[in-house]
Amino acid sequence: MDFGPGMASSARYGGMVAILKRPVVIILIAGLLIRFVLMPVFSYGYEVSHWAYTIENIRSGNGLYEISGYYYTPVWGYILGAVSWIMDVFGLDTLASRFDEVLPLQDAWWACIADVTTIQFNIIVTLPLIFCDILVGYLIYRMVREDTGDERKAAVGFALWFLCPIVIFASSVQAMFDTFCVLFMVLSIFLLRRQRYLLCGVAMALAILTKVFPGFLLLALLAYILAKNRGNRPEAVRAVALLAAGLIITSVLVYIPQIMDGTFLYSFSFLTDRMGIGLSSSGEWSIFSMQSLGFMLVIILQPIIVLALIGLAYLQYKESGDPDSALMRFLLPASAVIFLWTPSPQYTLIVIPFLAYYISVHGRAFLSQWMLVGVGATMYDLVTANGTVLFSLAAYTDLLDLGGLVEAILSFQSASFLGIHVMSILMVATAAVMSLGLLLIPYGFIVRPWLKRRAAS
Amino acid sequence: MKDRVLISTALLLCGLLVFGQAVSYWALPYHYEAGAEADGDTLEYTVSSSTPAEYAVLLLSDVSYAERLYIYYDEGYANPTISHSSQSSFIRQLTLELDKRGSVPYTLVGAEEMGTLAPSAGGSLLFCSGAFPDTLYDGTSESGIFDWFDAGSSVYWIGDALGRYVSSPEDVAEVTGYQTLFFGSEGCLNISGSWSGYDRSSELGALLCLKSNTILYGLETGRPDTQYVGYDDGGFSSISVTSMGHGSCLIMGYSLSKDASSSLAQAIASGVSYDTSIVGHSGGTVNGTVTGSFAAVPEGSGLYIFIGGSLTVYGKRVV
């Protein structure tokens, strides 16, 4: 039966409307709108100016580590290499310019740099991050839908990631690349659940070489493989070998340039600098200072964190049910115990996918943790950056006066209450909210059920 | 979306990384070039870039170029405040910045070798140790360092107060009256005043995008035969080039930061000296090749071209 072109067109229109009415599409559009509004207005100058320095170094033929400016493992640097090429396509000629008005603040505060990036550069550098946000959301959506068969729950999972305030802030304002780390990490779990061990290893290597934290989750992956192949040792060994091969081969491929030009050790300076360990140009290591009590605490806590992760992996392995379900549940506390210390706000992104999955699949038990982490981390980030997020807008448009903005920030930073800087109070308060959210995850997962069982018995 | 589409997306991401790695290390798609030709008293210049970028062309009078730069570094000698690790890191950054700007050959020399070098106008010395070695300086006007000034060479100094310390393999000795020795009076260097300056000292410094604004150990402003190209505050400047003997001395405030290494490299490569002045300048955006010219160019002028603005990716002295 032919209903004619008019009817076909109407059917197509109806189909489009149906797609647009799907909750996940509405959430996607809402999340993108928020990001596209934030991108040109706000920018975290401290981070973004370092991406400009990195591209400057790439363009001058100095790779990622020869001239200082890039302090992380290479993956994000490579993405910036690609971004540099995209900038060429768009004809962007200026990455950043020096604004002398900002100098007093640069001297007063580490998180401020007088090389202010252009709005166009800010937008181009954040676009890949937003693309990543979508892919991570999609992977969560897929996994929740597969595990529950419920489209609505899958959409909730997508929303809990894509509309999470710290996810939005980290990618579209701060322009931090943690979302890439999360993408590779979630992708590796997605591939693991499909027994694609080699590709899982590849994705996990990329996650770890974007930011180290997913490395702590390897124990959970190992527990999953052993549980999945319980009673089948040869298959378990084969799976672990494939995973390890993916990890090692990818790591070597990623690091070939740095191994060849002798800058391999410099790629860990984001860790070593903060621990007070220095590497001279002659390649000698030395401990020059323990920079703060906070960093010392991070190091002291590492054995406890590793023990907790081993314990969680053991419990995960011992679970008698479905290994896939156990993996997804235990990844939540495992990702949270990594941060028994107070992390930088954007680090918390690796916890959000597991919170989103857990809440959408198992109910609202961890919704308060999601809110504490999501909102607390965003506020912590915002307090840390405060007025500097408006630098690009003030420097390159007539909407704000840059000198006035700098003065306002200096006034804010010098304001005190009961002899304590207001900014310090706000930073401690917001960081405390974030950390509380993180700590309540292992508490809610292990301690509270244990207490309940104990009370019941 | 089927799994294979998802895996394709993952592979696409891997492709992005491979592409980014190639751009950063293997393909090196960025090329820059600058040149100039004299036609009578007209100077025609060419600037090329394979990517859209800012460029600046500076025609400067009375420039001073180093035929060879001797950079002092000796791990066997004591230092007052700056560790050998900090020095070597700074030297590494500085030499990479110099490489970007081509045309300035440099050699690392230790204390012994420094003492045996014959002073010459073409040779320049650079110190970031905060102290002169005892092979070159003993705190008197008979010291070898003054032979270099008398020979017309340029000395670049960053670290501590110029002439304050003499280092030996065993220790560091403080010199009394070192400011009088170098500048004729005391109080010429910012020993304990404010750390930073926020006011641009001159148009030349702004045009060269010299960023270092640390004025601690910087030279006082208002001295004769002195060029100020950094920032100033409270009567001291972050980057000064002052006349000494028949040569000159560039004094930078105490900072071994990224801003300091790029600023020092830019100052060395451009040949800025104590009596340098701007004859002409132009700039804009280059994507491909741009040409231009300066008419009535005075004899002895130098032409310095750089690309990238405050994030300089290339520089070259073309005349």
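Quick caveat, the model's predicted, so the values are computed rather than measured. Here is the naming used below: chain letters follow the sequence lines, and residue numbers restart at 1 for every chain.
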**Complete:** Pair count under 4.5 Å, heavy atoms only, with chain A: among B:Tyr314, B:Trp195, B:Tyr32, highest is B:Tyr32
**Message:** Please classify the contact between A:Leu92 and chain B as side chain, backbone, both or neither, with a heavy-atom cut-off of under 4.5 Å.
**Reply:** backbone
**Asked** Does B:Tyr231 have its ring centroid less than 6.0 Å away from the ring centroid of B:Tyr198?
**Response** no
**Asked** Given a strict heavy-atom distance threshold of 4.5 Å, which part of B:Gln93 is in contact with chain A: side chain, backbone, both, or neither?
**Response** side chain
**Prompt:** Going through the checks in order, is the side-chain hydrogen bond (donor to acceptor under 3.5 Å, both in side chains) test met by B:Ser257 and B:Ser255?
**Reply:** CA-CA 5 Å; B:Ser257 64; B:Ser255 166; 3.0 Å; yes
**Prompt:** chain A heavy atoms under 4.5 Å from B:Leu13: which part of the residue, side chain, backbone, both or neither?
**Reply:** side chain
**Item:** chain B contacts, top residue of A:Gly81, A:Gly77, A:Ala203 (heavy-atom pairs, under 4.5 Å)
**Value:** A:Gly81
**Item:** Which of A:Leu183, A:Leu135, A:Ile58, A:Asp107 touches chain B most, by non-hydrogen pairs under 4.5 Å
**Value:** A:Asp107
**Message:** If you count heavy-atom pairs within less than 4.5 Å of chain A, which of B:Asn213, B:Ile91, B:Asn287 leads?
**Reply:** B:Asn213
**Request:** Would you give the length of the straight line joining atom CZ of A:Arg145 to atom CG of A:Asp147, rounded to the nearest 0.5 angstrom?
**Result:** 11.5 Å
**Item:** Heavy-atom proximity to chain A below 4.5 Å, by part of B:Cys209
**Value:** neither
**Prompt:** Can you pull out the residues in residues 250-260 of chain A with any heavy atom less than 4.5 Å from chain B?
**Reply:** A:Leu253, A:Val254, A:Ile256, A:Pro257, A:Gln258, A:Met260
**Prompt:** Can any side-chain N or O of A:Ser392 pair as donor or acceptor with the backbone N or O of A:Thr118 at less than 3.5 Å?
**Reply:** no
**Item:** Side-chain donor-acceptor pair present, B:Ser263, B:Ser212, cut-off under 3.5 Å
**Value:** no
**Message:** Between A:Asn57, A:Asn62, A:Leu206, A:Ile67, who has the most heavy-atom pairs with chain B when the cutoff is under 4.5 Å?
**Reply:** A:Ile67
**Prompt:** Is a salt bridge present between B:Glu97 and B:Arg92, judged by a nitrogen-to-oxygen distance below 4.0 Å?
**Reply:** no
**Asked** Does NZ or CZ of A:Arg193 lie under 6.0 Å from the centre of the six-membered ring of A:Phe190, at an angle within 45° of the ring axis?
**Response** no
**Item:** Salt-bridge criterion met for A:Arg194 and A:Glu146 (N-O under 4.0 Å)
**Value:** yes
**Asked** Between A:Gly69, A:Ser84, A:Ala114, which shows the greatest number of heavy-atom pairs under 4.5 Å with chain B?
**Response** A:Ser84
**Message:** Under 4.5 Å from any heavy atom of chain A, what part of B:Lys211 do you find: side chain, backbone, both or neither?
**Reply:** both
**Prompt:** In terms of heavy-atom proximity below 4.5 Å to chain B, should A:Ala52 be classed as side chain, backbone, both, or neither?
**Reply:** both
**Prompt:** What part of A:Glu101 lies closer than 4.5 angstrom to a heavy atom of chain B: side chain, backbone, both or neither?
**Reply:** neither
**Request:** Go through the atoms of A:Leu95 and report whether side chain, backbone, both or neither lie under 4.5 Å from a heavy atom of chain B.
**Result:** side chain
**Prompt:** What part of A:Leu64 is in contact with chain B, defined as an atom under 4.5 angstrom from a non-hydrogen atom: side chain, backbone, both or neither?
**Reply:** both
**Asked** What part of B:Asp259 gets closer than 4.5 Å to chain A, counting heavy atoms only: side chain, backbone, both or neither?
**Response** side chain
**Prompt:** Quick one: does NZ or CZ of A:Lys211 land under 6.0 Å from the six-membered ring centre of A:Phe177, within 45 degrees of the ring axis?
**Reply:** yes
**Request:** Kindly assign one of parallel, tilted or perpendicular to the pair A:His50 and A:Tyr53, based on the angle between their ring planes and the thresholds 30° and 60°.
**Result:** perpendicular
**Request:** Evaluate the ring planes of B:Tyr72 and B:Phe127, with Trp represented by its six-membered ring, and classify them as parallel (under 30°), tilted (30 to 60°) or perpendicular (over 60°).
**Result:** tilted
**Asked** Is it the side chain or the backbone of A:Asp115 that comes within 4.5 Å of chain B heavy atoms, both, or neither?
**Response** side chain
**Full working for ring pair (Phe, Tyr, Trp, His ring centres under 6.0 Å) between A:Tyr65 and A:Tyr70** = CA-CA 6 Å; A:Tyr65 303 106; A:Tyr70 184 70; 5.7 Å; yes
**Prompt:** Taking atom types as modelled, is there a side-chain donor on B:Tyr77 or B:Glu75 under 3.5 Å from an acceptor on the other?
**Reply:** no
**Request:** Return the orientation label for the A:Phe180 and A:Trp76 ring planes: parallel under 30°, perpendicular over 60°, tilted otherwise.
**Result:** tilted
